[in-house]
Amino acid sequence: MLKFTLLKQLYYAFDPDVLPEAVEKRGGDIYHRTLNVEGLGVPGVSEVTMQERFLPYSQLYLIYINDEQQQADITEPRVKAFIHAFFKHYHPDYLKADLPDDLSDIDILDCFDVDKMPGYQNKYAYREIQTLEDIRSGKADQYKQKHGFPGLTFSKKYQDRQ
């Protein structure tokens with residue numbers, strides 16, 4: 001699992017339609033979803049804010065703990081403990097069955113059974129990623145040109161003459 005995909009999954013898990021106690025705020029191209037998580041029993045974590053920022057041709061997902069201005073890192077022990085406790089409480093089927101209670105030496109990204117998570121059927125965080133495996137199995141067109149920006153075309157002056 002990729003860090004981007006975990007943060008995206010966590011952002012959509014904070015949806016106010018799914019969790020009525022979550023609060024959503026919008027400001028320009030930035031969406032904040034805040035949840036009071038004192039009931040999960042994670043020491044040092046009382047409130048978590050997930051942020052979605054819209055960038056040109058992509059989105060960015062960030063996590064903030066309590067009222068801190070700096071984004072949290074998912075390798076911190078308290079953030080790992082929160083993610084584990086959150087998914088254990090709200091979506092226990094997403095986690096692997098044989099997880100220890102102490103997650104200090106374990107990467108949190110390896111704790112999930114991604115086949116059971118919705119929206120992870122594409123296997124990749126970005127749909128544009130093509131692997132050699134996809135090309136060999138015929139799922140991707142290896143000869144199709146990919147431009148750096150969607151809709152970008154070359155002027156007629158630079159197109160191939162046939």
Side-chain angles (χ1 to χ4, degrees), residues 1-134 137 139-140 148-150:
M1 171 177 252
L2 298 173
K3 176 183 174 184
F4 174 85
T5 309
L6 175 62
L7 293 176
K8 182 178 179 181
Q9 185 73 34
L10 202 56
Y11 175 79
Y12 286 111
F14 278 31
D15 188 8
D17 294 335
V18 177
L19 290 175
E21 56 268 15
V23 177
E24 184 174 46
K25 295 178 185 174
R26 299 178 184 190
D29 290 342
I30 300 174
Y31 295 84
H32 299 274
R33 291 182 177 173
T34 304
L35 181 67
N36 187 347
V37 293
E38 290 176 349
L40 294 178
V42 180
V45 180
S46 61
E47 185 178 79
V48 175
T49 301
M50 291 301 303
Q51 184 183 76
E52 180 182 44
R53 287 185 180 182
F54 288 94
L55 303 173
Y57 306 110
S58 66
Q59 290 92 11
L60 181 66
Y61 297 94
L62 305 171
I63 184 170
Y64 295 93
I65 303 295
N66 300 333
D67 292 332
E68 297 175 3
Q69 300 295 322
Q70 186 70 19
Q71 70 178 6
D73 187 18
I74 64 169
T75 59
E76 292 178 40
R78 66 182 179 147
V79 178
K80 281 199 254 184
F82 159 71
I83 292 172
H84 181 259
F86 177 80
F87 281 107
K88 189 175 183 179
H89 185 265
Y90 290 105
H91 303 286
D93 51 325
Y94 295 176
L95 293 170
K96 291 182 180 176
D98 55 349
L99 291 177
D101 292 334
D102 184 24
L103 297 174
S104 58
D105 296 334
I106 298 174
D107 187 8
I108 192 68
L109 300 175
D110 296 333
C111 296
F112 293 94
D113 188 4
V114 294
D115 294 329
K116 296 180 181 176
M117 297 176 83
Y120 205 79
Q121 289 78 18
N122 295 329
K123 293 193 336 187
Y124 311 110
Y126 300 101
R127 294 176 191 229
E128 293 83 20
I129 293 178
Q130 290 184 5
T131 63
L132 206 50
E133 175 185 312
D134 292 339
S137 66
K139 294 180 183 175
F149 297 96

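Computed over heavy atoms, backbone and side chain alike; hydrogens, waters and symmetry mates excluded. Numbering of residues begins at 1 and proceeds along the displayed sequence.
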- Task: For Asn66 and Gly44, work out which heavy atoms get closest and say how close.
- Result: ND2-O, 2.9 Å
- Considering all heavy atoms, the nearest Ala85-Leu40 contact: O-CD2, 4.0 Å
- Give, for atom CG of Leu10 and atom CD1 of Ile83, the distance between the pair rounded to the nearest 0.5 Å. 6.0 Å
- Nearest-0.5 Å distance that lies between atom CD in Glu52 and atom CG in Leu62: 10.5 Å
- Over all atoms of both residues, closest heavy-atom pair of Leu6 and Phe87: CD1-CE1, 4.1 Å
- About how many Å separate OH of Tyr61 and CD of Gln9, when rounded to the nearest 0.5 Å? 10.5 Å
- Task: Could you pull out the closest heavy-atom pair between Ile106 and Lys80, with the gap in Å?
- Result: O-NZ, 2.9 Å
- Query: Do other residues, nucleotides or ligands put more than 12 heavy atoms under 6.0 Å from the CG atom of Asp93?
  - Reply: yes
- Taking all non-hydrogen atoms of both residues, which atom of Lys96 and which atom of Asp110 are closest, and how far apart? NZ-O, 3.0 Å
- Approximate separation, where rounding is to 0.5 Å, of Leu60 CG and Gln71 CD: 7.5 Å
- Query: Roughly how far, to the nearest 0.5 Å, is the CD1 atom of Ile74 from the CZ atom of Phe82?
  - Reply: 12.0 Å
- With side-chain contact (heavy atoms from CB on, under 4.5 Å) as the test, would you mind laying out the steps for Val79 and Asp73 before giving the verdict? CA-CA 7 Å; Val79 178; Asp73 187 18; over 6 Å; no
- Message: Please check: side-chain N/O of Asp113 versus main-chain N/O of Leu95, any donor-acceptor pairing under 3.5 Å?
- Response: no
- Is the shortest heavy-atom distance from the side chain of Tyr90 to the side chain of Val18 under 4.5 Å? no
- List in chain and number order the residues that pass ring-ring contact (aromatic ring centres under 6.0 Å, His included) with Tyr64, two or more places apart in sequence or in another chain; answer none if no residue qualifies. none
- Item | Ring centres under 6.0 angstrom apart (Tyr94, Phe86) | no
- Specify the closest pair of heavy atoms between Ile65 and Ala72, including all atoms of both residues, with the distance to one decimal. CG1-CB, 3.7 Å
- When you measure from the side chain of Asp29 to the backbone N and O of Leu55, does any donor-acceptor pair fall under 3.5 Å? no
- Message: Going by the rule salt bridge (Lys or Arg N to Asp or Glu O under 4.0 Å), which residues pair with Arg78 if we only count those two or more places apart in sequence or in a different chain?
- Response: Glu68, Glu76
Distance-only donor-acceptor pairs under 3.5 Å for side chains of residues 30-37, two or more places apart:
| residue | atom | partner | partner atom | Å |
| --- | --- | --- | --- | --- |
| Arg33 | NE | Glu24 | OE2 | 3.0 |
| Arg33 | NH1 | Tyr11 | O | 3.1 |
| Arg33 | NH2 | Glu24 | OE2 | 3.3 |
| Thr34 | OG1 | Thr49 | OG1 | 3.2 |
| Asn36 | OD1 | Glu38 | N | 3.3 |

